[in-house]
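See below for the structure under consideration.
Residue numbers start at 1 and run along the sequence shown.
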Amino acid sequence: MFTKVQIYEREECCFDDIRKSKKPEILINTEQITSLGPITDWGFCEGHEDYPYRVLNMTDGKNYLCVAESANELEMELLKQKEK
């Protein structure tokens, strides 16, 4: 199954890049997900805790910083798929 997730754009993953990110949506194959990490944020940058994310790891070795809300929705979809 394919679904859209919203990610923070990044190259070298500097917080300023994340803050300026347009939060694009990408299409992923849910069967290629290896893990979806816990919610974390940029707490090490004081005052920038408003950018929660979860790391989404794929079988091809790519990983994405998924906007927490989008990742939570993805997790719910994955749980529903498991129940079927």
Side-chain angles (χ1 to χ4, degrees):
M1 182 176 118
F2 288 86
T3 190
K4 287 183 183 179
V5 292
Q6 195 174 40
I7 63 168
Y8 289 116
E9 289 180 301
R10 65 189 174 116
E11 289 295 323
E12 290 299 317
C13 199
C14 165
F15 176 74
D16 287 335
D17 296 336
I18 297 301
R19 187 177 53 205
K20 294 173 190 169
S21 174
K22 304 249 187 297
K23 296 193 267 187
E25 289 185 336
I26 60 168
L27 188 64
I28 61 162
N29 183 343
T30 58
E31 294 174 10
Q32 294 180 339
I33 295 172
T34 58
S35 66
L36 182 60
I39 294 177
T40 191
D41 61 34
W42 299 92
F44 56 85
C45 294
E46 191 173 324
H48 300 305
E49 297 84 9
D50 293 336
Y51 298 87
Y53 65 92
R54 295 176 72 176
V55 178
L56 175 62
N57 296 297
M58 307 298 287
T59 56
D60 62 3
K62 290 184 182 179
N63 61 48
Y64 301 97
L65 297 185
C66 241
V67 176
E69 282 182 12
S70 185
N72 292 343
E73 290 173 15
L74 172 62
E75 183 175 45
M76 294 305 292
E77 279 185 44
L78 294 172
L79 290 171
K80 285 179 188 175
Q81 282 180 17
K82 259 189 172 177
E83 290 176 357
K84 292 181 180 180

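The environment of E25 atom CD is dense: over 12 non-hydrogen atoms of other residues, nucleotides or ligands sit within 6.0 angstrom.
Counting side-chain heavy-atom gaps under 4.5 Å among Ile, Leu, Val, Met, Phe, Trp and Tyr, the cluster of M76 also holds L79.
The shortest side-chain heavy-atom distance between N72 and I39 falls under the 4.5 Å cut-off. Between Y64 and V5, every side-chain heavy-atom pair lies at or beyond the 4.5 Å cut-off. Between V55 and L65 the shortest side-chain heavy-atom distance falls below 4.5 Å.
Just one of L36, T34, I33 meets the side-chain contact (heavy atoms from CB on, under 4.5 Å) condition when paired with N57; it is T34. Exactly one residue among K80, Q81, K82 makes a side-chain contact (heavy atoms from CB on, under 4.5 Å) with L78. That residue is Q81.
Among residues at least two apart or in separate chains, salt bridge (Lys or Arg N to Asp or Glu O under 4.0 Å) pairs with a member in residues 51-63 are R54-E75.
Residues T30 and T3 share a closest heavy-atom pair of CG2-CG2, 3.6 Å. For M58 against L56, the heavy-atom pair with the smallest separation is SD-CG, 4.0 Å. Closest approach of M1 to E31, counting heavy atoms only: N-OE2, 3.7 Å.
Between the side chain of Q6 and the main chain of V67, no donor-acceptor pair closer than 3.5 Å is present.
The structure places OH of Y53 at 9.5 Å from OH of Y8, a figure rounded to the nearest 0.5 Å.
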